[in-house]
Amino acid sequence: MKIIDLRSDTVTRPCTEMRSAMAQANVGDDVFGEDPTVNRLEEMAADMLGFESALFASSGTQTNLLALLSHCQRGDEYIVGQQAHTYRYEGGGGAVLGSIQPQPIEFEADSTLDLAKVKSYIKPNDFHFARTRLICLENTQAGNALPMDYLASAASFAKAEELRIHLDGARIFNAALKRNVSAAVIASYFDSVSLCLSKGLGAPVGSLLCANSELILEARKWRKMLGGGMRQAGILAAAGIYALQHNCQRLGEDHENATLLTQGLGEIDEIAIDVHEAQTNMVYAGFSPEAAALLPEFLQQRGILISGGKKLRLVTHLDVTRADIARVVVACKEFFAGRSKII
Ligand SMILES: *Cc1c(COP(=O)(O)O)cnc(C)c1O
């Protein structure tokens with residue numbers, strides 16, 4: 001039986017063609033700048049996002065950290081969402097390694113940061129305060145693609161306030177597809193963008209930081225200091241090139257599957273589904289505590305993996321098909337039908 005893994009889009013495995021591109025990659029020493037495949041991937045990403053330059057790193061945690069370290073000095077501050085990956089899920093790296101103070105604020109329901117609230121948190125130019133330097137947004141955030149007019153407002157706000165603005169674009173291609181624009185249009189509103197190759201794009205490893213050449217040069221120094229300088233990394237970069245060439249457009253299938261899942265689970269009375277206009281490849285489903293405690297194991301016995309918790313995040317990706325979604329919906333219906341019989 002095929003295992004259907006809805007825990008995250010990081011679980012995707014490289015396909016045969018991707019593995020073969022990796023095996024055949026031309027390589028060199030990337031710390032010397034001599035790996036042709038890494039160089040090609042960096043140029044490709046920079047072109048796709050409309051930046052001068054890009055830097056390949058091992059993870060999105062590292063590219064976000066490189067952005068923080070490159071934009072901010074010791075004692076500077078960045079404004080960020082309370083639930084943002086950069087703030088909450090990256091071990092506090094900016095504070096630990098850069099002495100950069102985070103100023104988290106709550107995301108709005110549509111995953112934006114309210115700009116009036118951001119403004120109220122910008123510190124006065126006075127020696128009592130950390131110097132506010134950077135705003136970080138996330139797109140997609142909780143699977144929501146940020147509205148394009150919001151991005152334009154955020155960019156002009158940052159400019160007016162003389163702040164830099166970074167995008168954690170781990171899933172920027174999901175956002176671009178949802179908003180029916182190129183990733184470059186989204187990226188045009190930011191000073192730097194981090195993107196992940198290892199989520200829905202299906203590469204085993206890797207992220208890119210894209211920005212102007214000056215910032216990337218600074219980031220390259222920090223990457224080395226963090227122990228992130230890799231040598232014949234072209235083997236990994238080849239997977240990234242394959243991912244950018246073949247797996248960006250197909251993210252639409254994941255969005256369709258997430259919609260199907262939303263509709264299917266929506267037919268079950270015991271499940272409360274969040275329905276969002278901005279939804280991409282994530283479905284958030286709320287259950288009673290009893291159901292939440294039992295459902296993961298029930299599904300696991302049927303070859304379906306979900307993460308636990310009162311509110312479930314179900315993520316579609318390239319290893320989940322339309323038929324798999326149908327199987328998941330049937331299994332969930334079975335679970336709740338069985339429970340009502342017991343009660
Ligand atoms: C996955 C993810 C990252 C990077 O995570 P890594 O596992 O370090 O690659 C960054 N931001 C968001 C929003 C993510 O989902």
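Keep in mind it's a predicted model, so treat the numbers as computed, not measured.
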**Q.** Lys/Arg N to Asp/Glu carboxylate O, Glu253 vs Arg322, below 4.0 Å
**A.** no
Q | His317-Thr12 side chain donor-acceptor pair, cut-off 3.5 Å | A | no
(Q) To the closest 0.5 Å, what do you measure between CG (Leu295) and CD (Glu290)? (A) 12.5 Å
Q) Taking side chain as C-beta onward, heavy atoms only, is Thr132 less than 4.5 Å from Ile79? A) yes
Q. Transitively linked via ILVMFWY side-chain contacts under 4.5 Å: Tyr121 with Ile135?
A. yes
(Q) For Phe129, I'd like to know if atom CZ has over 12 heavy atoms of other residues, nucleotides or ligands within 6.0 Å. (A) yes
Q: For the residue pair Leu197 and Phe56, establish whether any side-chain heavy-atom pair is separated by less than 4.5 Å.
A: yes
Mind listing the side-chain donor-acceptor pairs of residues 143-156 below 3.5 Å, one per line with the distance, residues two or more places apart or on another chain?
from	atom 1	to	atom 2	distance (Å)
Asn144	ND2	Ser111	OG	3.0
Tyr150	OH	Leu113	N	3.1
Tyr150	OH	Leu113	O	2.5
Ser153	OG	Asp149	O	2.9
Ser156	OG	Ala152	O	3.1
Ser156	OG	Ser153	O	3.3

Q) When you look at Leu68 and Thr86, which way does the side chain to side chain contact (heavy atoms under 4.5 Å, CB included) test go after all the steps? A) CA-CA 9 Å; Leu68 291 178; Thr86 321; 4.1 Å; yes
**Q.** Atom pair OG (Ser8) and NZ (Lys199), whose distance is rounded to the nearest 0.5 Å
**A.** 6.5 Å
**Q.** Test item: Ser20 and Gln24 side chains (from C-beta on) under 4.5 Å apart, heavy atoms
**A.** yes
(Q) Is there a side-chain contact between Phe107 and Gln82 in this structure, where contact means two heavy atoms from C-beta onward sitting under 4.5 Å apart? (A) no
Q | Contact list for residues 325-334, test side chain to side chain donor-acceptor pair (under 3.5 Å), sequence neighbours left out | A | Glu267-Lys333, Arg302-Glu334
Q: Give the C-alpha distance, both sets of side-chain angles, the deciding distance and a yes or no for salt bridge (charged side-chain N to carboxylate O under 4.0 Å, His left out) between Arg131 and Glu77.
A: CA-CA 6 Å; Arg131 184 174 41 184; Glu77 173 186 83; over 6 Å; no
Q. Side-chain contact, heavy-atom cut-off 4.5 Å: Arg133 with Leu163?
A. no
Q: Would you sort out whether Glu277 and Arg179 count as a salt bridge (charged side-chain N to carboxylate O under 4.0 Å, His left out), showing the intermediate values?
A: CA-CA 11 Å; Glu277 159 276 327; Arg179 293 299 175 204; 2.6 Å; yes
Q | 4.5 Å side-chain heavy-atom contact, Tyr189 and Leu137 | A | no
(Q) Is it true that, when you exclude Gln301 itself, more than 12 heavy atoms of the residues, nucleotides or ligands shown sit nearer than 6.0 Å to its CD? (A) yes
(Q) With rounding to the nearest 0.5 angstrom, report the CZ to NZ distance, Arg220 to Lys224. (A) 11.5 Å
Q: Evaluate the side chain to side chain contact (heavy atoms under 4.5 Å, CB included) criterion for residues His71 and Tyr78: first the C-alpha distance (whole Å), next the side-chain angles of each, then the deciding distance (0.1 Å), finally the verdict.
A: CA-CA 9 Å; His71 282 297; Tyr78 71 109; over 6 Å; no
Q) Are any non-hydrogen side-chain atoms of Met48 and Cys210 less than 4.5 angstrom apart? A) no
Q.
I'd like to know whether NZ of Lys221 has more than 12 heavy-atom contacts from other residues, nucleotides or ligands below 6.0 angstrom.
A. yes
Q.
Looking at Gln249, I want to see if its CD is surrounded by more than 12 non-hydrogen atoms of other residues, nucleotides or ligands under 6.0 Å.
A. no
Q: Please indicate whether Arg250 has more than 12 foreign heavy atoms, meaning atoms of other residues, nucleotides or ligands, lying under 6.0 Å from its CZ.
A: yes
Q: Would you sort out whether Leu226 and Leu69 count as a side chain to side chain contact (heavy atoms under 4.5 Å, CB included), showing the intermediate values?
A: CA-CA 11 Å; Leu226 292 169; Leu69 293 170; 4.3 Å; yes
Q.
If you apply the rule salt bridge (charged side-chain N to carboxylate O under 4.0 Å, His left out), what do you find for Arg164 with Asp191, and how did you get there?
A. CA-CA 6 Å; Arg164 306 274 189 90; Asp191 296 305; 5.3 Å; no
(Q) Using 0.5 Å steps for rounding, measure from the CG atom of Leu215 to the CD atom of Glu52. (A) 10.5 Å
(Q) Is it the case that over 12 heavy atoms from other parts of the model lie below 6.0 angstrom from the CD atom of Gln73? (A) no
**Q.** Leu167 side chain reached by Ser192 side chain, heavy atoms, under 4.5 Å
**A.** no
Q. Linking I/L/V/M/F/W/Y whenever their side-chain heavy atoms sit closer than 4.5 Å, directly or via other members, would Ile186 and Ile165 fall into one cluster?
A. yes
(Q) Would you say CG of Asp126 has more than 12 non-hydrogen atoms from neighbouring residues, nucleotides or ligands within 6.0 angstrom? (A) yes
Q: Establish, from distance only, whether the side-chain atoms of Gln279 and Lys178 form a donor-acceptor pair under 3.5 Å.
A: no
Q | Test log, rule side chain to side chain contact (heavy atoms under 4.5 Å, CB included), inputs Arg171 and Leu195 | A | CA-CA 6 Å; Arg171 298 184 180 83; Leu195 72 90; over 6 Å; no
Q.
Is it true that, when you exclude Arg231 itself, more than 12 heavy atoms of the residues, nucleotides or ligands shown sit nearer than 6.0 Å to its CZ?
A. yes
Q) Hey, what do you get for CZ (Phe336) to CD1 (Ile271), rounding to the nearest 0.5 Å? A) 4.5 Å
Q.
Once you measure the plane-to-plane angle for His85 and Tyr89, does it fall in the parallel (<30°), tilted (30-60°) or perpendicular (>60°) bin?
A. tilted
Q. Is the closest side-chain donor-acceptor distance between His166 and Asn64 under 3.5 Å?
A. yes
**Q.** Residue from Asp254, Asp9, Thr316 passing side chain to side chain donor-acceptor pair (under 3.5 Å) with Asn281
**A.** Asp9
Q. Is a side-chain donor or acceptor of Ser70 paired with a backbone partner of Ala67 at a separation under 3.5 angstrom?
A. no
Q: Starting at CD1 of Ile325, measure out to CG of Leu261 and round the result to the nearest 0.5 Å.
A: 4.5 Å
Q.
Test salt bridge (charged side-chain N to carboxylate O under 4.0 Å, His left out) on Asp324 and Lys2; report intermediate values, then the result.
A. CA-CA 9 Å; Asp324 294 340; Lys2 177 191 170 185; 2.3 Å; yes
Q) Do we see a donor-acceptor contact under 3.5 Å between the side chains of Asp30 and Gln232? A) no
